[in-house]
Amino acid sequence: MTNSGTATSEKDHSNLSALLKPKLLILELWQLGDLVIGTPFYRAAVERFDVTLLAKPFALDVRRRLWPEVRVVPFIAPWTAFKNKYQLWRWPLPQIIRLRRELTAEHFDVGLSARWDPRDHFLLNLFGAKKRIGFPRVRSGIFLTDPIMRPRPEAHRYESWRVIGRALDMELPPREQIQIPPAGPGRKNILIHTGAGQQVRVWPLDFYKKLAGHLRSKDFRVQIACDADQRDWWLRGGERTVATPSTVAELIELTDRAAALIGNDSGPGHLAAFCGVPTFTIFGPQLPEWFAPLHPQAEWISGKACPYLPCSDYCRFSEPFCIRKISEEEVLERVEKFLAALAQNPESS
């Protein structure tokens, strides 16, 4: 009886605390990496706010692992598609109407977006948040009560969350001081993930195959993971145990067995970093200065020079030379140094 009464009392206290906190609505409608980069902000915000996050459905899996106190409302914004995003007749208007009704009824005290995106600002206004914070663009300040100046253009994406935090009197740590618990001991697998949200971000698969073969010749245990459309290529190439995670939860299971992750500039690297796994990233059309994973031992190789870099994945050429021209030898040299550094300092990983 005592234990049951104590549990009930703690639950009631938790519910009362949530009721007393002001309500905060956060919009992060884009991809897995964008979502995960905001982790330090979400964790700080739940200390002061009852937090609701509007994000793609995979945020439900991320929530369970990284920020369980955040309430996630799943929504796929049609304008986040890579192509045909403004074919309005395809938009899920009944769902958008229901979403507006649901979120307006919450009477949010504060709403914010860390993106320089007028569409987010319009939604904050549509959902009726009393105080609306964001970086105005193309006169989107009309939808904001508290427009603020965005970070310098060359800043890492995480800096946008730091600036938003200051608008709420929350001081987030610099990226070099983010506290990430180390991965569990005894891990041996090197997880090579060859997928990415767009093909222009994919380093050639035959290069990855040679990299995996070289690491295995050095007695590393290598696990290949890939996107569904790459699986047959790996199986035809003789790879017997190819992992093809179809959910973020499955991706987290793979990451939790890895000592390091090697892959393209994509969501798995950012997720692995916050799960405590050091990452090596092969960049192409995007800039590591903006999007390098936030693990303290993260390393990367930049894409080759291009007059259009960064191109937001809309390559002007017949193929993305920025990533296809990164040689096997260049990556192998950097990866060997990366793994050697981890071996010398295992307690940090």
Side-chain angles (χ1 to χ4, degrees), residues 28-37 56 58 62 79-85 115 154 156-158 190-212 224-234 242-246 248 251 254-255 258 260-274 277-295 298-328 330-332 334-335 338:
E28 182 43 83
L29 298 169
W30 290 79
Q31 306 308 327
L32 179 60
D34 302 296
L35 177 73
V36 172
I37 286 172
K56 281 187 165 66
F58 53 64
V62 183
W79 54 88
T80 60
F82 189 66
K83 296 181 179 179
N84 304 319
K85 61 181 66 181
R115 301 188 71 88
E154 67 273 16
H156 192 279
R157 178 79 178 86
Y158 170 64
I190 306 300
L191 179 61
I192 295 181
H193 194 294
T194 62
Q198 301 299 329
Q199 284 299 313
V200 295
R201 297 192 184 200
V202 176
W203 196 49
L205 296 185
D206 53 338
F207 288 6
Y208 271 119
K209 183 180 178 182
K210 292 174 183 176
L211 174 63
I224 299 295
C226 66
D227 291 343
D229 61 353
Q230 299 173 335
R231 180 177 177 83
D232 287 346
W233 187 95
W234 279 107
V242 182
T244 314
S246 60
V248 168
L251 178 60
L254 282 171
T255 300
L261 182 144
I262 300 168
N264 305 305
D265 169 30
S266 61
H270 293 286
L271 182 64
F274 275 100
V277 177
T279 61
F280 184 90
T281 305
I282 303 170
F283 277 87
Q286 196 51 276
L287 302 178
E289 293 86 352
W290 289 358
F291 287 107
L294 293 173
H295 193 284
E299 296 289 346
W300 56 84
I301 186 168
S302 298
K304 296 298 184 180
C306 172
Y308 301 107
L309 199 70
C311 66
S312 301
D313 299 334
Y314 293 95
C315 185
R316 270 81 158 181
F317 300 102
S318 58
E319 62 176 300
F321 298 108
C322 58
I323 194 164
R324 303 280 171 83
K325 293 298 183 181
I326 301 174
S327 70
E328 306 159 51
E330 289 175 284
V331 171
L332 178 58
R334 297 287 297 277
V335 165
F338 166 68

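Along the sequence shown, residues carry numbers from 1.
- The side-chain heavy atoms of Trp79 and Trp30, taken from C-beta on, include a pair separated by under 4.5 Å.
- Looking at Pro285 and Pro310, their side chains never come closer than 4.5 Å, going by heavy atoms from C-beta outward.
- Between Ile301 atom CD1 and Leu332 atom CG the span is 10.5 Å, to the nearest 0.5 Å.
- Minimum interatomic distance between Val202 and Ala196 (heavy atoms only, all atoms of both residues): CG2-CB, 3.9 Å.
- Under the 4.5 Å side-chain criterion, counting only non-hydrogen atoms from C-beta, His193 is not in contact with Ile224.
- Looking at heavy atoms from C-beta onward, Thr281 lies out of side-chain contact with Pro288 at the 4.5 angstrom threshold.
- A side-chain donor-acceptor contact under 3.5 Å links Trp203 to the backbone of Ile326.
- Two residues are said to be in side-chain contact when any heavy atoms from C-beta on lie closer than 4.5 Å; Tyr208 and Trp234 meet this criterion.
- At a threshold of 4.5 Å between non-hydrogen side-chain atoms, the residues Leu254 and Leu191 count as touching.
- What you find for Trp300 and Ala298 is that their closest heavy atoms are CZ3-O, 3.7 Å.
- In this structure, Cys322 and Gly284 approach most closely via the heavy-atom pair SG-C, 3.4 Å.
- Counting only heavy atoms from C-beta outward, the side chains of Leu271 and Leu251 approach each other to under 4.5 Å.
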Before you tell me yes or no, could you show the steps for Tyr308 and Tyr314 under side chain to side chain contact (heavy atoms under 4.5 Å, CB included), namely the whole-Å CA-CA distance, both residues' side-chain angles and the distance that decides it to 0.1 Å?
CA-CA 10 Å; Tyr308 301 107; Tyr314 293 95; over 6 Å; no
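- In summary, of the residues considered (Arg334, Lys210, Lys209), a salt bridge (Lys or Arg N to Asp or Glu O under 4.0 Å) with Glu328 occurs for Lys210 alone.
- Considering CZ of Phe291 and CD of Gln286, their distance stands at 5.0 Å, rounded to 0.5 Å.
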Should Lys56 and Glu28 be marked as a salt bridge (charged side-chain N to carboxylate O under 4.0 Å, His left out) after you check the CA-CA gap, both sets of side-chain angles, and the distance that decides it?
CA-CA 8 Å; Lys56 281 187 165 66; Glu28 182 43 83; over 6 Å; no
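- Here the NE2-CD1 distance, from His156 to Ile37, works out to 5.0 Å after rounding to the nearest 0.5 Å.
- Judged by distance alone, with hydrogens and angles left aside, the side-chain atoms of Asp313 form no donor-acceptor pair with the main-chain N or O of Val200 at under 3.5 Å.
- Distance check: Glu154 CD to Glu289 CD gives 9.5 Å after rounding to the nearest 0.5 Å.
- With hydrogens and angles ignored, the 3.5 Å screen pairs a side-chain donor or acceptor of Asn264 with a backbone N or O of Gly195.
- Using a distance-only test at 3.5 Å, with no hydrogens or angles considered, a donor-acceptor pair links the side chain of Gln230 to the main chain of Thr194.
- Of the possible polar contacts, one joining the Arg231 side chain to the Val242 backbone as a donor-acceptor pair under 3.5 Å is found.
- Panel note: side chain His270, backbone Leu294; no donor-acceptor pair is recorded below 3.5 Å.
- Formation of a donor-acceptor pair under 3.5 Å by the Arg201 side chain with backbone atoms of Asp265 is found in this model.
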For side chain to side chain contact (heavy atoms under 4.5 Å, CB included), just list the numbers for Cys226 and Trp233, CA-CA rounded to whole Å, side-chain angles, deciding distance to a tenth of an Å, and then say yes or no.
CA-CA 10 Å; Cys226 66; Trp233 187 95; over 6 Å; no
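- In this structure the side chain of Leu32 reaches within 4.5 angstrom of the side chain of Phe58, judged on heavy atoms.
- Residue Phe283 holds its CZ atom at 8.5 Å from CG of Leu287, rounded to the nearest 0.5 Å.
- Of all the heavy atoms in Cys311 and Arg316, the pair that sits closest is CB-NH1, 3.7 Å.
- Closest approach of Pro293 to Gly269, counting heavy atoms only: CB-O, 4.0 Å.
- To the nearest 0.5 Å, the span separating CG on Asp229 from OG1 on Thr244 amounts to 10.0 Å.
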Evaluate the criterion side chain to side chain contact (heavy atoms under 4.5 Å, CB included) for residue pair Glu319 and Lys325; output intermediate values, then yes/no.
CA-CA 10 Å; Glu319 62 176 300; Lys325 293 298 183 181; over 6 Å; no
